[in-house]
Every structure is written in structure tokens, then in C-alpha cells.
Peer 1: 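Have a look at this one before I ask anything.
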Amino acid sequence: MNNFGVIEVASTATKTTPGWAYVPDTGPSLSATALQPKNRKRAARNTQPGLSLSDLTARQENKLRKDLEALNRDNQRDVNIPVPSSSRSSHKHTPTVRKILQSQKTFANHLDDYQALLALAESNPAAVVNNPLLFLNKPVVATPQAKSASPAPVREKGGSKRGQAAAKRAAVKAAAAAAAAAEEEEEEEEEEEEERKRARQLAAEGEDVEMIDSPAAPPDEVEKLVETYPADGTILPAYRKRPPAVHPGDGDPLLVSVVPSFPTDEELRSLMTAPPLSYMDSRAAFGEEGERYPIRVFCEMCGYWGRVKCMKCGVRVCGLDCLEGHREECVTRYGL
Amino acid sequence: MAPGRKPKSAGPAPPSSTLVLDNGADTIKAGFVTVDDDTGDKAPRVIPNCIARDRHNKTYVGAELEKCKDFGEITFRRPVEKGFIVNWEAQKEIWDRAFFDDKAPQRCDPSTTRLVLAEQPNSLPALQTHCDQIVFEEYGFSSYYRGIGPSFNAYQDIQAIFHTPRTPDTIIDVPAEVILLIDSGYSHTTVTPILQGRPLHTAIRRLDVGGKLLTNHLTRLLSVRHFDMRNETYIVNEMKEAACYVSLDFKGDLDKTWKGTRGERRKDYATGGGIAKDYVLPDSHTRFHGIVRDHEPGAAARARKSAVSTEDILTLRNERFSVPELLFNPTDIGLRQPGLADLVMQSLSVLPVGLWPGLLANIVVVGGNAKFVNFIQRLQVELLERVPDECVVRVARPEDPIVSTWLGAANFARHEHADRLAVTKQEYEEHGAAWVARKFALGLGVDTLR
């Protein structure tokens, strides 16, 4: 990052502005061109890419954070409502329960504890090897083999492998039939008769794209497939109903659509048995490419687009009327 | 509850009745389900999950809130934070009054009852363990299952929600084969893809925008533009539920509600443009709930001027749609998270593309926010922009999205999966809390489908 050699302390904002800068003279370093950006126009707007949101001043950032915190509160003020004591609680608690009931921890405290535990596990795995609280999110636990004491239903190990293979073969065959059927449905644009069927078709279509213009399996063969199809071997069973009648337009290359291949049972199996993510990991965040669109700004007063910036504090307003309204507040806060 | 029915033998005789609890941050949905289908509750009782105190310092616990008339300056203490039960002191009090006291309206004897509890996905292990310990050590339920709320929805007749045409002899899949469930509740919004009732954990994504944040945002807007409503969370929440909607044309609606530049009188603004509504605030003497009215130009000013003002009128303009807009554009308030449609795409992006068509054609939205007008339509439009052309996108919400998870959980309690997953008190005592937590985390597994 080009900081002109100046280490900023207060703000993380970086901006290539034209002009001059104090540079510590630490030997032969940056050429003069690096200090003089080529495009001198609109330097305030043309910040480095990927910084559109974080490129706020520290003050704005702080305000945003406080605003968001306020939005997540249950009450505007801090209130302390004691639990009304009930007369009948003479019943004795176990020590664990008493501890839980007396705990005044908030969610933020629990989250911090959990993060600390994760950090500890990373730096010193031996220290937390037996901690049940961490055990939950270890991928090892997710494999069914890991639970020896578990009373979970016993699996039929012997038959399942062969059953799966047979099921997959059957599924491929059925999918071929279903693919033809789906093509036709597209062609005729008929009312879909059943969504379950359709969802399956869409899913099953992908098994083999190259077989699309082959004729649909004759009805008796489909029937046979249905009979031999093991219902309990596959995770998502293939389409099992009779496909619609063959249509002459089925082979039309214009109607051929590219369908993704359907995941195998192994893939599905690993997806369905994957352990839960942690609280932090499941929070959606922007990817590396950041936001594709610039953030929208609104008038602080009336909520219309924020087209004008207050020169004193940077707040956006929509026009002169709102700017005047804002000035009153701005002056009391920042002075003239 | 007959006391003599308690199973004495060590054999796993499943308890005859099941208490199904969807312990939400805002409301608890609770009801009993018996093994023989007919005698159980058809719909849950909805209990506010809070301890409230009004301005006269009177305290209301849970369902007692119904007795409260004056909601001005009411404050809440909620045992559930971010969707997870954190404060057991308060939660126990609310549960006690609802289920275990002598005078409780839904009284039950835990030692002969199974508990099915819905929780939010991706909870913290410590909180889960606390919950298990309380259930067994404090209440002593004979059998218990804690599962993630979204996956219970799969045990409903999903295709009925979509109004899929079908023949009468069609077998209803329970659990549904493939659905993408969006749960938009009080604390946050989650996206959960579910195959055969098993959630795909790696693809669960969360957006930290929920009903609470929307209400607080509306409060802030109103406090800047109209009255100081910062202590009137309850009233603002009612207003949000009554008047807010999701805009299908945000830009257009925003233009219609703009007052214009200086001196300009825009026609849409003066007449309301079909968007502006008058909200009559409760005065806590004669009116305890607000009323939405069509905008009548000048009504608010007249009411303010007249000496004996009978009602306080608030004109809602762009507040009506810019508040739910946060679900689709969280960056509008500076929250650095993708909107709901992008959230779905992020969830799908970690799954094989072959699953996309099935998931996209079966999107179910549950939770209180699904009640916003046009929510479903907007999500569908935004998703269609993002997915491949060939994909069918169907988004639907159940008739009552708030109790949907409960209904699913009730069906789950009748399903044989419940017997497979539930843990008995004996097992808990034998193996301990960690074992129970591990068993719940493992879920159904895929080795014996159906």
C-alpha cells in the first residue's frame, strides 16, 4: 500500500492525493512518480478499489458502529427488570442448574468465551482436547463412525454399498427417461402437473446431457425400472413416474438446455453429515470482490436519495430544504 | 395428565404426549401433541417471550402481557438474545408460568412428557449445553429433542404451501425431499437448505437483520422526522406490522414520496401518491392500538392546530417501504452484509449446482417478517435476476408464517424420526450432557433414509 512512507496512527483510510508529503528518508526508495498520482482529478472519490465501505473516516466509522449497536437493542434505555419472585420456588436446584440460573452473562459474553476457546484450541490443542464445548464443531465428530456409544439406529453395512451401486445404475437409467420427458414438457409448455416431479426432473436431467435426443424409454421398460428401483438406497430417488408422451420436437437442438450434473450420493452424503458451522462462520459476509454496487446514500432528514453533502459534517441530504433543517442540528453540534 | 401412566420399566416406552416448543425471541409457540393424532393441539398457543414493565412499574410475565392496556413507555426483558436462550433466570420464570405452575394454562407433568424444542441454527455449544442441563436437571422431562427450527418445517406438507396441482392419490412426502427454507424472525434471518429433513449445515447462512432491527430503524426515522418515539418500541412495532410493506419498485416509490426541491409542490407528495398513510397513535385512554388510515392531506396539521386535539396523527411516507428494504439492502444502514437474495446465492454457492433447481423451485419463507406485503414477490424477482434462466424459482410462505415452524415440529413429534432422535432422561444421566449435545449435532445421518 502506498502510504507515502507515513505511518498513519488514527485512521485506516488511505487516499492517493496529489501534493506533497513528509517522507522519512530511509535510503533509496519510492520514485517520485509514485508520490504523484497520474489522475489528479476527483482524488477524494477515486479511492482504491475494495475500500468503498471501509474507506470512511474514523469518526464516521465510529458513528456507524454505534448506530448499529443501538439498532440491536431491545430497549432504548438500559433497563433492569427483576424477575418477579414466585412463592413456590422452594424446590432445590442441582448445582449445575443453580450456576446457569445465576449466570448474568449476555450473548456477547458467551460469544467471546467461545472465540477465546477456539483461539486456545488453535494455539494449544492439548489444552482443550477434552473440552466438550469445543468438541461439537470438530469435523471428526460428524462421521458416524466416531460415535461408538451412541444409541443411534444401527446401519445395515453389508447391503448398503451394493444397494447404492444398483440404485445409481437405476437412477441413471431413470434419469435418461426423465430427461427426455423434461425436454418435451419444455416444448409443449403444458401445465406442470406436479411440482415434486418437476423438481426431481430438473435435478435428474443433468445425469447425462448427451442422451437428450435419444427417444424416451418405452413405457413398459420404465415400469420395469420402477419395480426394480430400490427406494431406500439413494438419498434423492430419481423420477419414478411415467414420462409424458414423446414429442417430435424433442430432438430440436434449439431446445437443448445445458443442465448441471447431479451430485453423486457420496457428495450428498458428505453434505448432509457435515458438522454445523460456528456462529461466526455462518454469518454472511461480502466476498473478496466486495460489493458489486456502490452503497446507496439517503437523505438524513427525509429519506430521499442523499444527493448533497453537508460541508461541515459530511451528512447527506436531498436538497436545500433538508440541508437547512440539518444545519440547525449541525451548528449546535459542531459550531459555525 | 394422568399421573398413573408413568412408565416404571427401563424399556423405552415413549411418553404419550409431547410438548412442542418453538422458543422464539419474541414469542413462544407452544402446544401439546399426542401420539394418536386427533387429541393434540391443532394450533399452538402464542405467548410473548418477555418480562415487561409498563410505566406504572407493573410487571407482566409472558402471557400476562394480554392484560396490559397501556403500552406507552413499556420496557422489555427478553431471555432470548440473537435467537438463543441466554438468560435462563427469566426464561424459567416464563416457562414456569406457562407450563408448570399449578394454575398454568398449559399445565404438564414433565416426567411423563417428551419435549421437542426448536432452536436457531449455529448456536454456541455452551448455550446448547445449558439448555440440555436445564431441561433434564431442572424440569426432568422424560425424553427430549432439541433440533434446529428451520429443518422442522420440512415435516409439513410443503407442496400444499406452493399450491402445486396434484392428483388426490399423491403421497405426501414427510419430510419433504428438498426445500430451501428462509426463516426471517425477530433477531435475524437465516437461509437453510434441507434435504430429506436434514439441514445442509455448511450452506446455512445468516443475515443479522430481523424484526427487532427493523422496528428500531423505524423508531429512529420517526424520531428524526416526527415525534420522539424512542421509548415506544411496542407502539412502533405495531405500526411497522400494520403499515410497512416491501416495495417492488423502490426507486419509483421513493420518487413518489419525495416532497421535491424548494418551493416545488409535487402532486404525488400532496395527495400521498397512493403510498402515504396516516397512522393514528394510541392515546392510552380511549384507544390502545393505533389505526392506519388513508392519507388525508392536511389532517395532521389540522389536528395539531385545533385546541382540543383528539388524536395524534403520524404521516408515514417512505418509512413504509424503506424499513423492510433493509432485508434486501442491509448496506443502506451501513451493515456490511449482503441482502437476502445474495444471501440465498451465497448459500447455494457452496452446494453442487445439480441441487440448485430443486432448491430454487421450493423456497419457503417463514417467520414474522414474511408477513410483509410483497416480501415473497420481491424475493422472487431478485432471485430470478441472479439465477440461470432455466431455473424455476418459486417462493411461497405458509398461511401463518409465524407458527409454521411449530406446525412442522408438531408433525415431527408424530413422525418416527422423533423416536430415533430423542434422548431419554436415563440416557442423559448415563452418558452426560456432552454426549447428548453430540447426538443432537449428528442429527439423523443418512444411512437409514425414511
Side-chain angles (χ1 to χ4, degrees), chain A residues 53 64 68 71-72 74-76 79 81 83-84 94 96-97 100-101 106-107 110 114 132-133 136 141 144 147 149-150 152-153 155 193-196 199 202-203 206 232 235-236 257 260-263 267 269 271-277 279 282-286 295-296 303-304 319-321, chain B residues 51 53 59 75-78 81-82 86 88-90 93 122 124-126 130 133 137-138 159 162 164 166 195 198 200-202 204-207 213 216-217 230-231 258 261-262 318 322 331-332 334 336-338 343 346 352-354 357-358 361 390 420 434 437-439 441 445-448:
Chain A
L53 259 172
L64 256 181
L68 286 176
L71 284 178
N72 276 316
D74 273 322
N75 298 295
Q76 182 63 31
V79 285
I81 305 174
V83 173
T94 63
T96 352
V97 171
I100 296 171
L101 288 180
T106 62
F107 183 78
H110 283 290
Y114 183 58
L133 297 184
L136 277 178
V141 193
K147 41 158 187 179
S150 160
R155 304 179 293 141
E193 63 166 81
E194 194 196 335
E195 183 46 44
R196 196 172 119 235
L202 281 171
D232 52 357
I235 289 168
L236 285 181
S257 53
S261 62
F262 196 70
E267 274 179 85
R269 191 170 291 268
L271 274 175
M272 287 162 86
T273 51
L277 297 177
Y279 182 78
S282 63
R283 183 180 193 271
F286 286 118
I295 55 164
R296 313 191 290 190
Y304 191 66
L320 288 175
D321 269 352
Chain B
I51 299 176
R53 189 168 62 191
T59 312
T75 50
F76 296 101
R77 169 174 177 182
R78 297 189 189 273
E81 264 183 72
K82 304 266 182 197
V86 173
W88 274 101
E89 190 194 9
E93 187 63 26
N122 309 109
L124 301 181
H130 284 181
Q133 283 167 341
E137 295 189 15
E138 174 66 20
Q159 296 311 323
F162 287 104
T164 311
R166 52 184 170 184
L195 286 189
R198 291 132 175 102
L200 305 183
H201 281 294
T202 44
I204 298 179
R205 289 288 175 278
R206 184 184 69 246
L207 167 66
L213 189 132
N216 284 344
H217 183 58
R230 281 175 300 180
N231 290 328
W258 187 39
T261 51
R262 177 179 285 179
N318 59 28
S322 65
T331 46
D332 284 359
R336 301 200 59 191
Q337 283 200 282
L343 192 72
Q346 281 201 3
V353 183
E390 288 89 352
R420 269 169 57 188
R438 217 177 315 145
K439 180 171 178 197
V446 286
D447 295 309
T448 48

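All heavy atoms count here, side chains included; hydrogens, waters and symmetry mates do not. Note on naming: letters A, B, ... go to the chains in the order of the sequence lines (proteins, then strands), and numbering restarts at 1 for each one.
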Peer 1: Where does Gln337(B) contact chain A at under 4.5 Å (heavy atoms): side chain, backbone, both or neither?
Peer 2: both

Peer 1: Could you check which of Val353(B), Asn122(B), Leu343(B), Thr261(B) has the highest count of heavy-atom pairs closer than 4.5 Å to chain A?
Peer 2: Asn122(B)

Peer 1: If you take all heavy atoms of Tyr279(A) and Leu124(B), which pair is closest and at what distance?
Peer 2: CB-CD2, 3.7 Å

Peer 1: Report the C-alpha distance between Arg205(B) and Leu277(A) in whole Å, list the side-chain angles of each, state the deciding distance to 0.1 Å, and finish with yes or no for side-chain contact (heavy atoms from CB on, under 4.5 Å).
Peer 2: CA-CA 9 Å; Arg205(B) 289 288 175 278; Leu277(A) 297 177; 3.6 Å; yes

Peer 1: Do Glu137(B) and Thr94(A) meet the criterion of a side-chain donor-acceptor pair at a distance under 3.5 Å?
Peer 2: yes

Peer 1: Sort out for me which of Thr96(A), Leu320(A), Asp74(A), Thr106(A) touches chain B most, counting heavy-atom pairs under 4.5 Å.
Peer 2: Asp74(A)

Peer 1: Heavy-atom cut-off 4.5 Å, strictly under: side chain, backbone, both or neither for Leu213(B) against chain A?
Peer 2: both

Peer 1: Shorter than 4.5 Å, heavy atoms on both sides: which option in Ile100(A), Leu68(A), Asp321(A), Val97(A) has the most such pairs with chain B?
Peer 2: Ile100(A)

Peer 1: I'd like to check Trp88(B) versus Glu138(B) (side-chain heavy atoms, cut-off strictly below 4.5 Å). Are they in contact?
Peer 2: no

Peer 1: What residue in His110(A), Arg296(A), Glu267(A), Gln76(A) has the most heavy-atom pairs under 4.5 Å with chain B?
Peer 2: Arg296(A)

Peer 1: Please list, chain by chain and in numerical order, all residues satisfying side-chain hydrogen bond (donor to acceptor under 3.5 Å, both in side chains) with Arg77(B), sequence neighbours excluded.
Peer 2: Asn87(B), Glu89(B)

Peer 1: Against chain A, label Ser322(B) side chain, backbone, both or neither, depending on which of its atoms sit under 4.5 Å from a heavy atom there.
Peer 2: neither

Peer 1: Identify which part of Ala285(A) has an atom lying under 4.5 Å from any heavy atom of chain B, answering side chain, backbone, both or neither.
Peer 2: backbone

Peer 1: Return the option, out of Leu200(B), Asp332(B), Leu195(B), with the maximum number of heavy-atom pairs under 4.5 Å with chain A.
Peer 2: Asp332(B)

Peer 1: Is the shortest heavy-atom distance from the side chain of Thr202(B) to the side chain of Leu271(A) under 4.5 Å?
Peer 2: yes

Peer 1: Can you give me the closest heavy-atom contact between Pro338(B) and Gln346(B), atom names plus distance?
Peer 2: CG-NE2, 3.6 Å

